[in-house]
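The next block holds one structure in the form of structure tokens; read it before the comments.
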Amino acid sequence: MKKLLGLVLSLVLAVSLCMTGCSGGGETGQTGGGTDAQKTDEGSAQAQDTQKDTEQLNIFFATAFMTVPYAAPMNTAMEEYAKENNINLQMVDGEGDSQKQLDQIKNAVTQGVDGIIYWPADAASTIPVVNYLAECGVPYVVLNSKVDASVQDKVPAYVGLDYEMAGGISGDLALDYLKDGGNVVVVEGVMGTEAQIGYLKGFEDKIAQNDKIKVLAKQSAEWDTAKAMKIMEDYITTFGEEIDLVYSEDDGMYQGIAAALSDAGLSDKIKCVCNGQLQFVLDQIQSGVLLGASSQDPSVEGRTGIEVMHKVIMGEEVPEWTKIDCRLITPDNVNEFNGW
């Protein structure tokens with residue numbers, strides 16, 4: 001009987017050990033299953049990242065000035081980058097109207113876009129646009145012109161020139177040319193834009209160092225070649241050969257100014273300085289007609305703008321301000337620059 005009881009107890013103990021072993025194996029299996037599930041999740045995440053990299057992105061470019069000369073090479077450079085990087089780029093012309101730009105941006109958000117590039121019409125009218133962009137949840141970048149100071153802290157990234165520095169480069173040229181003083185007339189861009197404000201301040205701060213330099217007149221041609229030509233014709237009628245120097249805030253307007261001076265036979269008597277590197281400007285510098293200019297490459301700005309937007313969409317860190325290169329162009333180094 002004792003032998004039988006002992007045999008039973010042995011069997012019970014064996015079964016108990018077996019069940020314990022099976023139970024332990026089950027737990028190990030569950031742990032292994034958890035690891036496999038984690039690997040599967042990681043694989044899915046990687047697959048999603050890969051898909052994000054290969055899917056076509058939709059970027060919306062709200063430009064304030066589609067028809068100004070500077071915009072053409074900028075747009076082309078952006079389109080080339082978009083094609084190279086599987087991006088669907090949609091461009092619309094705000095025609096210098098901030099309300100129209102806001103409506104265009106709202107429509108783009110409703111349709112669904114991955115990013116928005118915003119070239120403001122003027123700083124003062126940017127407040128409602130920036131407030132909307134900051135609230136809509138779509139990544140965005142501001143290009144070419146800064147927004148109003150009251151909403152600047154809401155802008156994740158800005159791409160553009162240091163216009164005040166550029167204006168100062170042109171101002172140095174004027175200061176050097178007018179050592180004994182002289183009279184200056186100015187042809188400005190669209191009033192209230194970052195470019196117009198900075199170009200003028202940088203220039204005027206420099207020439208103010210010589211109290212014998214006098215600004216006879218300032219007038220806006222709104223970045224338009226034909227308007228600049230008409231303004232220069234009026235300046236010639238009003239002041240004639242009293243003018244010693246003309247300051248054009250951009251290269252497109254300088255074309256009109258140069259035409260007016262040429263028609264009046266004053267190209268050799270009235271000198272000019274400007275900002276920008278239109279091929280016409282480079283040719284004029286090389287021939288000695290134009291004293292010099294500060295550089296600004298629209299192709300570089302356009303490509304940089306969409307590249308920064310692309311990085312923001314992909315979650316990469318970018319500087320708050322990506323500055324476009326700006327240097328003095330003179331007859332000595334003009335061959336180092338690409339015209340457009």
Side-chain angles (χ1 to χ4, degrees), residues 63-78 119 143-146 159-174 184-191 193-203 206 218 220-229 231-232 245-261 271-305 323-340:
T63 172
F65 306 108
M66 182 76 81
T67 58
V68 298
Y70 187 84
M74 173 189 278
N75 296 346
T76 298
M78 294 176 76
W119 178 353
L143 180 67
N144 188 270
S145 299
K146 287 185 179 179
V159 177
L161 194 72
D162 185 333
Y163 294 105
E164 192 170 326
M165 181 181 76
I169 289 173
S170 293
D172 280 331
L173 285 168
V184 177
V185 292
V186 180
V187 180
E188 299 188 75
V190 173
M191 302 302 290
T193 59
E194 174 74 7
Q196 177 270 321
I197 295 168
Y199 279 150
L200 183 64
K201 185 177 188 308
F203 180 81
K206 291 291 185 177
K218 295 181 287 189
S220 171
E222 300 178 332
W223 313 125
D224 185 275
T225 302
K227 290 180 180 179
M229 183 175 179
I231 288 171
M232 192 65 233
L245 183 86
V246 183
Y247 172 45
S248 174
E249 287 187 347
D250 91 332
D251 42 12
M253 294 188 300
Y254 171 70
Q255 285 185 295
I257 293 167
L261 288 172
K271 292 297 183 181
C272 303
V273 295
C274 75
N275 307 299
Q277 61 192 72
L278 190 69
Q279 186 60 49
F280 178 79
V281 164
L282 300 185
D283 293 341
Q284 292 269 296
I285 292 173
Q286 194 161 36
S287 65
V289 176
L290 181 64
L291 291 177
S294 64
S295 68
Q296 185 180 13
D297 192 328
S299 297
V300 171
E301 185 169 345
R303 187 173 183 88
T304 305
K323 292 186 180 182
I324 303 302
D325 184 50
C326 180
R327 293 187 290 148
L328 169 64
I329 310 174
T330 68
D332 294 332
N333 68 354
V334 66
N335 291 327
E336 299 175 13
F337 297 86
N338 296 317
W340 53 276

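Remember, it's a predicted structure, so these values are computed and weren't measured experimentally.
- Contacts of Leu173 classified as side-chain contact (heavy atoms from CB on, under 4.5 Å), with partners at least two apart in sequence or in another chain: Val273, Leu328.
- A search for side-chain hydrogen bond (donor to acceptor under 3.5 Å, both in side chains) contacts involving Trp119 returns Asn144, not counting sequence neighbours.
- Legend: residues meeting side-chain hydrogen bond (donor to acceptor under 3.5 Å, both in side chains) with Asp332, ordered by chain and number and at least two apart, are absent.
- Between Ile169 and Ala293 the shortest heavy-atom distance is CG2-O, 4.3 Å.
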Can you give the donor-acceptor pairs under 3.5 Å from side chains of residues 251-258 to other protein atoms, not counting sequence neighbours?
from: Asp251; atom 1: OD2; to: Gln277; atom 2: N; distance (Å): 2.9
from: Asp251; atom 1: OD2; to: Leu278; atom 2: N; distance (Å): 2.9
from: Tyr254; atom 1: OH; to: Gln284; atom 2: OE1; distance (Å): 2.6

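- Under the rule for a side-chain hydrogen bond (donor to acceptor under 3.5 Å, both in side chains), the partners of Ser294 that lie at least two apart in sequence or sit in another chain are Asn275.
- Taking CD from Gln279 and CG from Asp283, the interatomic distance works out to 4.5 Å, rounded to the nearest 0.5 Å.
- Under the side-chain contact (heavy atoms from CB on, under 4.5 Å) rule, Glu222 has a single partner from Thr193, Val190, Val68, which is Val190.
- Atom OG1 of Thr76 sits about 12.5 Å away from atom CZ of Arg303, to the nearest 0.5 Å.
- Atom CG of residue Leu200 and atom CD of residue Glu249 lie 5.5 Å apart, to the nearest 0.5 angstrom.
- Across all non-hydrogen atoms, the minimal contact from Leu290 to Cys272 is CD1-O, 3.0 Å.
- Between Leu245 atom CG and Lys271 atom NZ the span is 10.5 Å, to the nearest 0.5 Å.
- Listed for the Ser170 side chain is a donor-acceptor partner under 3.5 Å among the backbone atoms of Cys274.
- Between the side chain of Asn333 and the backbone N or O of Thr330 there is at least one donor-acceptor pair closer than 3.5 Å.
- Rounding to the nearest 0.5 Å gives a distance of 10.0 Å between CE of Met229 and CG of Leu261.
- Evaluation of the side-chain contact (heavy atoms from CB on, under 4.5 Å) rule for Asn338 yields no partner, not counting sequence neighbours.
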